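These notes concern the structure reproduced below.
Here is the naming used below: chain letters follow the sequence lines, and residue numbers restart at 1 for every chain. No experiment lies behind these values; they were computed from the predicted model shown.
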2 protein chains.
Amino acid sequence: MEIQGLPGRLLAVLGPAIASGELPEGTVLRAEELEQQHGVSRTVVREAVRILESMRMVEPRRRVGTTVRPKADWDVFDPLVIRWRLAGADRSAQLRSLGSLRVAVEPAAAALAARCADDDDRRELSALAVELTVTARAADLESFLAHDIAFHAVVLRASGNEMFAHLKDTVGAVLTGRTEHHLMPHRPREYAVQLHREVAEAICTGDPERAERAMRTIVVGALEELDATLPD
Amino acid sequence: MEIQGLPGRLLAVLGPAIASGELPEGTVLRAEELEQQHGVSRTVVREAVRILESMRMVEPRRRVGTTVRPKADWDVFDPLVIRWRLAGADRSAQLRSLGSLRVAVEPAAAALAARCADDDDRRELSALAVELTVTARAADLESFLAHDIAFHAVVLRASGNEMFAHLKDTVGAVLTGRTEHHLMPHRPREYAVQLHREVAEAICTGDPERAERAMRTIVVGALEELDATLPD
DNA sequence: GAAACACAATCGTCATACTTTTGGGTGTCC
DNA sequence: GGACACCCAAAAGTATGACGATTGTGTTTC
């Protein structure tokens, strides 16, 4: 998952620093400084900076240095960027963006899944719906979270659309963040669990409209809860 | 936009080669070979490979070489990956994925835009709707395409969601690809143009439901046309 | 035949030298 | 005094040689 080696470690310092606004737009990073500050060689600095360049977070220019680009240019779909932003200052904004994205994508994915899911997908969904019910009743937030992530991941995968499928980690990050920062009720709402069961059932019986509707209720609810809970 | 310098050029060779399946999953790239084949130094090879690693397209491993990862691991939202795939063998699959993504995202973006758009956005949309009408009647496909791209970009931006906004290049790429590969009628359908006018009007008058509905009709239509036209 | 070991291939890192680009300063000319 | 051309130095870009670290593979040994 992570980038390997020293460039990866340097990236894990620079990325969050830029994402959090600690190094604001226009800041100039000079290679030599980075070498000394982090005690690494030119090679390492260059590779880390190249990766940031490929994420459009910085722009190296000769004679002037590597400048931090405006936030609007960043590759906001890059998993690393998402993670850095979730960890930093604009976590709220990132969560809201992701919430809207979920509202757009997950109902569509559920509808597609009701059409395309294979038998394995359906079995897995049913099993996860049961697990969700059980762990919710037991108020086992940790297991609930794990199964919730798995549930949404299966729906996204079963949609048969590779781009939807790749949002699974992103959705997982949102769900995790929500639980970690106590934006969740102390025990999952029975209504939400019921909706998950309904999604599973609709996908298993091949009912796209119902799957889409139930999923939309879930993600809209999550977004509203987010809006109500988040600061500013 | 592009990655600069020699690493960028190497990337522009390796990326498409991997994306097109010319270098299939499991292929081993050795640094020394790449140096010689492309007449560049280790520095350049390493930086290019690092970027591919950050896109999760390859995985460098000691003693064995840099192996191409399965397609399922790739960062399918990375603009470069999308472009490479559109240019290569699975252009059809990529277009279909993007089509579904548009169906999910653009109606939601239109609805949000009807709520959040500022006066500039609204003016711009109105103007673009006029342009679309004029260029469609004149059968000026080139100008029509440019305005079409701009139109969808404004809607995405006006949604106020940065992640939606960043899909503008992607949507632009789809529209461009569609025109370039003659998947479009010889002159834009009047009905489609009318729908664009309706989206603009609904956003200007602050009518989310109507904006969403009209936009959905547009993108669903585009997706159906795609499915009908594409090979396999 | 299995386990321990040594070897070598390949990536990873460092240090250094050289090249290329380009912003800014300097000077000249009108 | 201003505009233009020129030059210089600063910073990134590239190349290269050396060494370190890891790990698959083959070999030896019991």
Could you check A/Glu25 against A/Lys71 for side chain to side chain contact (heavy atoms under 4.5 Å, CB included), going step by step and ending with a plain yes or no? CA-CA 7 Å; A/Glu25 169 182 350; A/Lys71 196 157 61 170; over 6 Å; no
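- One can place CD of A/Glu47 at 13 Å from P of D/dT14, the figure rounded to the nearest angstrom.
- The distance from atom NE2 of A/His38 to atom P of C/dT13 is 15 Å, rounded to the nearest whole Å.
- Across all their heavy atoms, A/Asp140 and A/Ser143 have their closest contact at OD2-OG, 2.7 Å.
- Atom C1' of nucleotide D/dT23 and atom CD of B/Glu59 are separated by 14 Å, given to the nearest angstrom.
- Taking a 4.0 Å limit (strictly below) on heavy-atom distances, residues 22-33 of chain A reaches DNA chain D at A/Leu29, A/Arg30, A/Ala31.
- Rounded to whole angstrom, the span from the CG atom of A/Leu34 across to the P atom of D/dA11 amounts to 13 Å.
- Minimum atom distance to the side chain of B/Arg63 is reached by D/dT23, of the listed D/dA15, C/dT20, D/dT23.
- For the residue pair A/Asp75 and B/Pro79, the shortest heavy atom distance occurs at OD2-CD, 3.4 Å.
- One finds a side-chain N or O of B/Arg46 lying less than 4.0 angstrom from the OP1 or OP2 phosphate oxygen of C/dG12.
- At whole-Å resolution of the value, CD in A/Gln36 and P in C/dC14 are 14 Å apart.
- A/Arg50 has a side-chain polar atom (N or O) that falls below the 4.0 Å cut-off from OP1 or OP2 of D/dT14.
- The side chain of A/Val44 lies closest to C/dC14 when the candidates are C/dC14, D/dG13, C/dT10.
- Ionic pairing of A/Arg50 and A/Glu47 is not present here: no N-O contact between side-chain nitrogen and carboxylate oxygen is shorter than 4.0 angstrom.
- One interatomic measurement links the two molecules: CZ of B/Arg9 to C1' of D/dG13, which rounds to 12 Å at whole-angstrom precision.
- When heavy atoms are screened at a 4.0 angstrom cut-off, A/Arg61 is found touching the sugar-phosphate backbone but no base atom.
- One can place CD of A/Glu35 at 11 Å from C1' of D/dA12, the figure rounded to the nearest angstrom.
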Report the C-alpha separation of B/His152 and B/Ile218 in whole Å, then their side-chain angles, then the decisive distance to 0.1 Å, and conclude whether the side chain to side chain contact (heavy atoms under 4.5 Å, CB included) test is met. CA-CA 11 Å; B/His152 289 273; B/Ile218 292 174; 4.3 Å; yes
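- Residue B/Arg42 has its side chain nearest to D/dG17 when only D/dG13, C/dC14, D/dG17 are considered.
- Between the C1' atom of D/dA11 and the CD atom of B/Gln4 lies a distance of 14 Å, rounded to the nearest Å.
- Enclosure of atom CD in B/Glu32 is not indicated, since only 12 or fewer non-hydrogen atoms of other residues, nucleotides or ligands lie within 6.0 angstrom.
- Regarding contacts with the backbone of C/dC14, a side-chain N or O of A/Ser41 is found under 4.0 angstrom from either OP1 or OP2.
- Counting all heavy atoms, side chain and backbone alike, A/Met57 lies closest to A/Gly15 at CE-O, 4.1 Å.
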